[in-house]
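Presented below is the structure to which this report refers.
Because only heavy atoms are used, hydrogens play no part in the values below, and waters and symmetry mates are left out as well, while side chains stay in.
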Amino acid sequence: MIILLIIILLFLIYQHINKEVPILMYHRIADIPNDRNTVSPIMFEQQLQYLKRHGYTTISLQDLYHHFTLKSPLPSKSILLTFDDGYEDNLMNALPLLKKYDMAATVCIISNWIGQENNWEDYKNKPHCRTMDLAQLQEWLKQGMFICAHTVNHPFLPRLNNEEILHELASCKISLEHQLHIPIDFLCYPYGDFDNRVKILAKQAGYKAALGIFKGTDFWRNDLFSLKRVVISSRQPLWEFALKVSSLHMIFIGMRILEYRIKQYRDLLPPTLLQRIFSKHGNKKHINKNN
Ligand SMILES: [Zn+2]
């Protein structure tokens, strides 16, 4: 009986993960050793070659949106490629490779940081680079690529009040639409950070869907305003990439969601209880040592 239940459960999980479209999250494509967020052009080309060889088709957020809302069919091995922040090397290094393999990608643009140094990233030892300027964004679009919004200033949205959030979301959309003369219907939350309030305000600002990463997403449910993404880092061997674009990509996302939930519950425990657990553990160690 238990075995039968396990088989049914595994079947349901398989059914669930098999219909998900993998959405990959990249940042920079350049030769910067030891930067987690930068995939080298050689590695990126190997990944595109893999996708081509295995019959994947790159789709847009609009295609995915129509699939969800109008049930329009998608190619059997659909995949979405996204680049956060709009770095210039996406145009210089990624675009020629995307064109070579007849693929398309979406870049997520911070409207106050168009054609500038990446100074919103204030962490230590950040590699300096520029973001695409307006002419480069137009070139990106002309080459058949896509653009989505990534707020005005790249803040942690849940830390802001409603008015500030609405400004970050609506002004970015209006500004990009005004400068690029295309509808900007899709949003990408900075740091994959959002809550229910942010989702409601994103709808209010006129977006049709929004990309998260794993934080706050639901493993079992497809929600257009918390689309899950798989992170592709510079330390990605090709075999792991192959798993991340297969049906098993949901396992990677599921593990990140689980890890995040565990941390959340751990943080909810009162510090005194944590201290008691650790002091007990410490005492035991002490006694064992004395034995
Ligand atoms: Zn970002």
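Inter-residue side-chain proximity for Phe146 and Thr58 is flagged as unmet; no heavy-atom pair is nearer than 4.5 Å. Side-chain contact between Glu164 and Arg159 is absent, with no heavy-atom pair separated by less than 4.5 Å. At a threshold of 4.5 Å between non-hydrogen side-chain atoms, the residues Ile42 and Gln46 count as touching. Put simply, the side chain of Glu163 does not reach to within 4.5 Å of the side chain of His167, judged on heavy atoms. For the pair Ile23/Leu211, a side-chain contact is recorded, criterion being any heavy-atom separation below 4.5 Å from C-beta on. Under the 4.5 Å side-chain criterion, counting only non-hydrogen atoms from C-beta, Tyr26 is not in contact with Tyr87. Here the side chains of Leu24 and Thr82 are not in contact, with every heavy-atom distance at 4.5 Å or above. Taking the side chain as every heavy atom from C-beta outward, Asn162 and Arg197 approach each other to under 4.5 Å.
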Chi angles and distances behind the salt bridge (charged side-chain N to carboxylate O under 4.0 Å, His left out) call for Glu240, Arg235: CA-CA 10 Å; Glu240 195 181 331; Arg235 300 169 196 148; over 6 Å; no
Candidate pair Tyr207 and Phe186, rule side-chain contact (heavy atoms from CB on, under 4.5 Å), full reasoning: CA-CA 5 Å; Tyr207 291 104; Phe186 304 101; 5.5 Å; no
Pair Trp120-Asn153, side-chain contact (heavy atoms from CB on, under 4.5 Å): steps then yes or no: CA-CA 8 Å; Trp120 76 91; Asn153 297 299; over 6 Å; no
Stepwise side-chain contact (heavy atoms from CB on, under 4.5 Å) test for Gln47 and Gln236: CA-CA 10 Å; Gln47 294 173 353; Gln236 201 82 95; 4.2 Å; yes
Residue pair Leu224, Lys208: steps toward the side-chain contact (heavy atoms from CB on, under 4.5 Å) verdict: CA-CA 7 Å; Leu224 275 174; Lys208 290 178 177 170; over 6 Å; no
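Ala149 and Cys172 get closest at one heavy-atom pair: CB-SG, 3.5 Å. Pairing each heavy atom of Ala202 with each of Leu187, the nearest pair is CB-CD2, 3.8 Å. The two residues Gly86 and Val107 make their nearest non-hydrogen contact at CA-CG2, 3.5 Å. For the residue pair Pro155 and Leu160, the shortest heavy atom distance occurs at CG-CD1, 3.8 Å. In this structure, Leu157 and Pro190 approach most closely via the heavy-atom pair CD1-CD, 3.9 Å.
Using a 4.5 Å cut-off between side-chain heavy atoms of Ile, Leu, Val, Met, Phe, Trp and Tyr, with links allowed through other members, Val230 and Leu258 fall into different hydrophobic clusters. Tyr191 and Met25 are members of different hydrophobic clusters when ILVMFWY side chains are connected at heavy-atom separations under 4.5 Å. At a threshold of 4.5 Å between side-chain heavy atoms, the hydrophobic network of Ile, Leu, Val, Met, Phe, Trp and Tyr places Leu141 and Ile174 in two separate groups. Hydrophobic clustering (ILVMFWY, side-chain heavy atoms < 4.5 Å, transitive): Val231 and Met43 are in one cluster. Note: the hydrophobic cluster containing Met92 does not contain Trp140 (ILVMFWY, side chain heavy atoms under 4.5 Å, direct or indirect links).
A donor-acceptor pair under 3.5 Å links the side-chain atoms of Thr131 to the main chain of Trp113, judged by distance alone. In this structure, Thr106 contributes its side chain and Ile147 its backbone to no donor-acceptor pair below 3.5 Å. Looking only at distances, no side-chain donor or acceptor of Asp193 sits under 3.5 Å from a matching main-chain atom of Phe156. The backbone N or O of Ala30 sits nowhere less than 3.5 Å from a side-chain atom of Ser40 that would complete a donor-acceptor pair. In this structure, Asp35 contributes its side chain and Ile32 its backbone to no donor-acceptor pair below 3.5 Å. No donor-acceptor distance shorter than 3.5 angstrom exists from the side chain of His67 to the backbone of Pro73, with no hydrogens or angles considered. Using a distance-only test at 3.5 Å, with no hydrogens or angles considered, no donor-acceptor pair links the side chain of Arg130 to the main chain of Glu88. Panel note: side chain Lys77, backbone Thr57; no donor-acceptor pair is recorded below 3.5 Å. Judged purely by atom type and a 3.5 angstrom limit, Glu168 uses its side chain to pair as donor or acceptor with the backbone of Val152. Formation of a donor-acceptor pair under 3.5 Å by the Lys244 side chain with backbone atoms of Pro22 is not found in this model.
For the residue pair Asn90/Arg28, the side-chain donor-acceptor check at 3.5 Å is not satisfied. With 3.5 Å as the limit, one finds a donor-acceptor pair spanning the side chains of His154 and Asp85.
Here the CG atom belonging to Leu61 is positioned 10.0 Å from the CZ atom belonging to Phe68, to the nearest 0.5 angstrom. Considering CZ of Arg221 and NZ of Lys228, their distance stands at 8.5 Å, rounded to 0.5 Å. In this structure, the separation between CG on Leu51 and CG on Leu81 is 6.5 Å, given to the nearest 0.5 Å. We find the CD1-SG distance between Ile109 and Cys148 to be 8.0 Å, quoted to the nearest 0.5 Å. Taking CG of Asp133 as the reference point, atom CD1 of Ile114 lies at 9.0 Å (rounded to 0.5 Å). To the nearest 0.5 Å, the span separating OG on Ser76 from OH on Tyr56 amounts to 9.5 Å.
Of the candidates Thr38, Ile232, Leu98, Phe44 forms a side-chain contact (heavy atoms from CB on, under 4.5 Å) with just one, namely Leu98. If you run side-chain contact (heavy atoms from CB on, under 4.5 Å) between Ile165 and each of Val198, Thr151, Asp195, only Val198 comes through. Ser175 pairs in a side chain to side chain donor-acceptor pair (under 3.5 Å) with only one of the listed residues (Lys173, Glu177, His178, Gln179), which is Gln179.
A cation-pi arrangement is absent between Lys52 and Tyr101, since the terminal nitrogen or guanidinium carbon is not both under 6.0 Å from the aromatic centre and inside a 45° cone about the axis. Phe194 does not carry Lys199 over the face of its six-membered ring by the limits of under 6.0 Å from the centre and within 45° of the normal. A cation-pi contact links Lys203 to Phe225, judged by a cut-off of 6.0 Å to the six-membered ring centre and 45° from its axis.
Counting non-hydrogen atoms of other residues, nucleotides and ligands closer than 6.0 Å to CG of Asn34 gives a total of 12 or fewer.
Contact check on Asp84 versus Arg229 returns a salt bridge, with a Lys/Arg side-chain nitrogen under 4.0 Å from an Asp/Glu carboxylate oxygen.
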